[in-house]
Amino acid sequence: LLLFSTALAVLAPGRVTLAAGARLALAAPAGILLGIVCGLLLRRTTSFVQDTLGGTLLQFCSSYLVWILADHLKFSAVLCTIAYAVTISRTARLTETFARMRVQSYAVWDAVVFTLNVLAFLLMGMQVRTILGAMKSAPLHQAFRFSGVVVAAVVLSRIALVVGFNRTLAWWYRRTGRPEPASIRQGLLAAWSGMRGLVTLATAFALPANFPQRDTVVLTAFSVVLFTLIVQGSTLSPLITWLRLDQTDTARRELVQARSRLAEVALNTLSGRTEPEAENLRFLYQLDHDAALAETEPPNFQRHRDLGLGAILAERQELETMRVNDQLGPDLYNQLQEELDWQELTLLPDEARQIQQS
């Protein structure tokens, strides 16, 4: 994006100017420095709004404000935002990020990003429709032929570059007596995974209205996005199977090992404690540990889940009765309902705790 915007700045006067060169040289380091400074400033303010709606709003809006500030100063907005996020992540202390704030933040970001992506593609698709309606038959056919050539060039050039780099790196590693970092099958999968999306479309639409053959460029960008998302995206799963690169079992084993290790750490912190509360916690952590290591859910874990869900259902029914009988105000009702939701989530299986995007 930085090179693209610089190219547009060069295109206007028709030559490379000193201002354009200086902008290209300073935009990247200045953007990174600005992102670091903004990240450190935000770290100073988050403690005052922790676990509040204002804190979530500050986290959300500040990310866009950092981008807008960098773009206004003609810095690299992308590198500035990345440096901003990395600074926050690297300087945050473990005890400063609270679970309630994190859950709320994820919910806001996931919903808003999904909505913005849908709206962006919808608005750009409407603009493409306008362009198609305005173009005559002959130029339209020429634009489609050009788009086909560009799509083929994009896909084939990526395959050549990725596979070529993969084999060159493998040759260098073998020469130095080390194992290959990635196989040819992994290289082919990475080469076929070059899907384009919103950035490609936004870059094309950012062209000035008087740019030569702008409509053809926009249609070409749209064709690249459609082909890579639909054709390449829909064939990734069978390609992974055909290349025998399905790592589902590996991921499941890693999840089992991680859960087992976390449960062991929790059990170790309770060793030597004989209070009834410690015994209850030890029982729950032992259930998690046994369920993580078992191929199928142990009977005692399933009984624990069934009993817990049954008790929560009874609590929900009683809570609804209290609401209907005006024994609770709306605020207390919502608070208790949320507490039951969290309790239920801890008992549900993994697949039932995940929200799908579509």
Tell me, do [X] and [Y] make a side-chain contact under 4.5 Å, heavy atoms counted?
X    : Y    : value
Y333 : M322 : no
T87  : Y84  : no
L284 : N280 : no
L42  : T45  : yes
V150 : S223 : no
V231 : L226 : no
L236 : M195 : yes
R167 : W171 : no

Does atom [atom1] of [X] have more than 12 heavy-atom neighbours from other groups under 6.0 Å away?
X    : atom1 : answer
Q213 : CD    : no
Y285 : OH    : no
R175 : CZ    : no

Would you call R261-E264 a salt bridge at under 4.0 Å N-O?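 Looking at R261 and E264, the cut-off is not met.
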Report the relative orientation of the aromatic rings in W109 and F60; use parallel for angles under 30°, tilted for 30 to 60°, perpendicular for over 60°.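 Geometry flag for F60 against W109: tilted rings.
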Between [X] and [Y], is there shared hydrophobic-cluster membership here, with clusters defined by ILVMFWY side-chain heavy atoms closer than 4.5 Å?
X    : Y    : result
L69  : I36  : no
V224 : W192 : yes
L229 : I159 : yes
I68  : L73  : no
V108 : L58  : no

Please assess L239 against L188 for the test side-chain contact (heavy atoms from CB on, under 4.5 Å), listing each intermediate value before the final yes or no. CA-CA 9 Å; L239 179 63; L188 288 172; 6.0 Å; no
Which pair of non-hydrogen atoms, one from [X] and one from [Y], has the smallest distance, and what is that distance?
X    : Y    : answer
S105 : T56  : CA-CG2, 4.4 Å
E180 : Y173 : CA-CB, 4.5 Å
V217 : A204 : O-CB, 4.4 Å
G187 : V163 : O-CG2, 4.3 Å
L270 : A278 : CD1-O, 4.1 Å
V66  : C38  : CG2-CB, 3.9 Å

If you round to the nearest 0.5 Å, how far is [atom2] of [Y] from [atom1] of [X]?
X    : Y    : atom1 : atom2 : result
R273 : E279 : CZ    : CD    : 11.0 Å
L65  : H72  : CG    : NE2   : 13.0 Å
I312 : L307 : CD1   : CG    : 11.0 Å
E318 : Q327 : CD    : CD    : 7.5 Å
L79  : L33  : CG    : CG    : 12.5 Å
L262 : L267 : CG    : CG    : 11.0 Å

Side-chain donor-acceptor pair present, [X], [Y], cut-off under 3.5 Å:
X    : Y    : value
S183 : R185 : no
Q286 : D290 : yes
Q302 : D306 : yes

Short question: side chain of [X], backbone of [Y] - any donor-acceptor pair under 3.5 Å?
X    : Y    : answer
N117 : V113 : yes
S89  : A85  : no
D71  : W67  : no
T241 : S237 : yes
R158 : A190 : yes
N166 : Q186 : no

Please walk me through it: do E344 and L309 pass side-chain contact (heavy atoms from CB on, under 4.5 Å)? CA-CA 7 Å; E344 183 175 338; L309 292 177; 3.8 Å; yes
Would L340 and Q337 count as a side-chain contact (heavy atoms from CB on, under 4.5 Å) if you check the C-alpha gap in whole Å, the side-chain angles of each, and the deciding distance to 0.1 Å? CA-CA 5 Å; L340 292 178; Q337 187 181 56; 5.8 Å; no
CA sep, side-chain torsions, deciding dist, call: R196, V154, side-chain contact (heavy atoms from CB on, under 4.5 Å): CA-CA 10 Å; R196 271 69 175 182; V154 167; 3.5 Å; yes
